[in-house]
Structure formats: structure tokens, C-alpha cells
A.B. asks: 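The structure that follows is given in the form of C-alpha cells.
Numbers here simply count residues along the sequence, with the first being 1.
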Amino acid sequence: MRWFHVCPGAKENKTYFHPDRKIMTVFYTIPIILFPYMFNPASHTSWLLVKGYYPLTHFFYCAVLLFNYFGFASLSPRR
């Protein structure tokens, strides 16, 4: 229910009520790169892809979350 229902006030000013929706969309769609490993786990090439994917993305995710938490990075302009 929460995914489909948005109050009228939140619909009018999306960036104020949901400032991180764009970056969260990116975070949830990046793991699509792991599909080759899911479909063929015996492949050495797909295993190298997974080994390279996790360290890079997790460091990036942690950096973005820390910057947002401490206020160094802002996804929406302050008013």
C-alpha cells in the first residue's frame, strides 16, 4: 500500500518529502550487473565480476551514506 499511495502534499513537493529517491533507485538497480553470475555461477568470468563488484560498490555506498548523514553532501538544495 505504501508504494502506491502518496499523500497530495507529498506529490506536489517530491524533492522535499523524498530527497533520496533518485540515489536509492540507483542503489537498487546497480545489482542487475550480477545477473550473469546468477544465471551461470560456474563461469570464472562471472565470478571475477562478482569479486570486483562488491568491494567497489560497498565502499561507494558507505561513503554516500556517511556524507549524507554528516551533511557533507546534499541531494536537494536547502531552503
Side-chain angles (χ1 to χ4, degrees):
M1 183 68 174
R2 174 57 78 183
W3 292 353
F4 302 110
H5 172 72
V6 179
C7 296
K11 273 186 182 177
E12 294 171 3
N13 198 354
K14 294 176 186 173
T15 57
Y16 178 77
F17 288 103
H18 306 288
D20 62 342
R21 75 183 195 287
K22 292 179 184 176
I23 196 77
M24 290 309 294
T25 303
V26 170
F27 283 179
Y28 283 111
T29 55
I30 285 178
I32 290 174
I33 205 168
L34 298 177
F35 279 171
Y37 181 72
M38 290 171 32
F39 295 131
N40 189 8
S43 170
H44 179 69
T45 308
S46 62
W47 175 240
L48 289 176
L49 176 71
V50 170
K51 282 184 7 182
Y53 167 82
Y54 278 111
L56 294 175
T57 56
H58 286 293
F59 288 138
F60 173 72
Y61 294 164
C62 290
V64 168
L65 291 173
L66 286 172
F67 285 143
N68 282 336
Y69 180 77
F70 290 110
F72 297 124
S74 178
L75 298 177
S76 63
R78 295 183 188 238
R79 296 176 191 208

A.B. asks: Has L34 got more than 12 heavy atoms of other residues, nucleotides or ligands less than 6.0 Å from its CG?
C.D. replies: yes
A.B. asks: Quick check: is Y61 connected to Y28 through a chain of hydrophobic side chains (ILVMFWY, heavy atoms under 4.5 Å apart)?
C.D. replies: yes
A.B. asks: Under 3.5 Å, side chain of S43 to main-chain N/O of N40, donor-acceptor pair present?
C.D. replies: no
A.B. asks: Taking ring pair (Phe, Tyr, Trp, His ring centres under 6.0 Å) as the definition, give me every residue that meets it alongside Y54, ordered by chain and number, with sequence neighbours left out.
C.D. replies: H58
A.B. asks: Identify, with sequence neighbours excluded, every residue that meets ring pair (Phe, Tyr, Trp, His ring centres under 6.0 Å) alongside F35.
C.D. replies: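 Ring pair (Phe, Tyr, Trp, His ring centres under 6.0 Å) check on F35 returns F39.
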A.B. asks: Return the minimal non-hydrogen interatomic distance between P36 and I32, and the atom names on each side.
C.D. replies: CD-O, 4.4 Å
A.B. asks: According to a 4.5 Å side-chain heavy-atom criterion applied to Ile, Leu, Val, Met, Phe, Trp and Tyr, with indirect links allowed, do L48 and Y53 form part of one hydrophobic cluster?
C.D. replies: no
